[in-house]
Amino acid sequence: MANKQQIQQCITDCTATANMLRTATNAIPKASVREMLTLGAGHIEMCIRQCENANMQQ
């Protein structure tokens, strides 16, 4: 079972990934592709929130 420190490291890594994805998205000229990438970053951020909630309940 993952401990709080391991979960927090995963949250940190996922936050960095979502931020990198958003930054990369800004360089994409095609609007439909930007939208898909933005949705993907949003899904990662939703997972981060769920992990933060689970980590607080441990």
Side-chain angles (χ1 to χ4, degrees):
M1 182 174 198
N3 64 35
K4 282 189 171 215
Q5 185 177 10
Q6 289 171 312
I7 295 170
Q8 186 56 52
Q9 183 60 52
C10 184
I11 290 168
T12 299
D13 293 344
C14 289
T15 300
T17 300
N19 289 337
M20 285 189 297
L21 185 55
R22 288 195 183 277
T23 299
T25 298
N26 292 333
I28 304 294
K30 192 171 181 181
S32 62
V33 175
R34 282 195 315 270
E35 183 179 355
M36 286 186 279
L37 293 171
T38 298
L39 287 171
H43 283 289
I44 293 171
E45 291 163 344
M46 185 174 52
C47 292
I48 291 166
R49 300 299 161 256
Q50 290 174 327
C51 290
E52 288 172 338
N53 290 336
N55 209 23
M56 286 190 294
Q57 294 179 19
Q58 278 195 25

Starting at CE of Met46, measure out to SG of Cys51 and round the result to the nearest 0.5 Å.
11.0 Å
Glu52, CD: over 12 other non-hydrogen atoms inside 6.0 angstrom
yes
Would you give the length of the straight line joining atom CG of Leu39 to atom CD of Glu35, rounded to the nearest 0.5 angstrom?
5.5 Å
State the OG1-CD1 distance between Thr38 and Ile28, to the nearest 0.5 angstrom.
10.0 Å
Please round to the nearest 0.5 Å and tell me the distance separating atom CD1 of Ile44 and atom CG of Asn19.
10.0 Å
Using a distance-only test with no angle check, is there a side-chain donor-acceptor pair under 3.5 angstrom linking Asn53 and Gln57?
no
Looking at Pro29, is its backbone amide N or carbonyl O close enough to the side chain of Arg34 to form a donor-acceptor pair, meaning the two atoms are under 3.5 Å apart?
yes
Closest contact, heavy atoms only, Gln58 versus Lys4
O-CE, 3.5 Å
Linking I/L/V/M/F/W/Y whenever any side-chain heavy atoms sit under 4.5 Å apart, do Met20 and Leu37 land together?
no
Distance from Gln8 atom CD to Ile11 atom CD1, nearest 0.5 Å?
4.5 Å
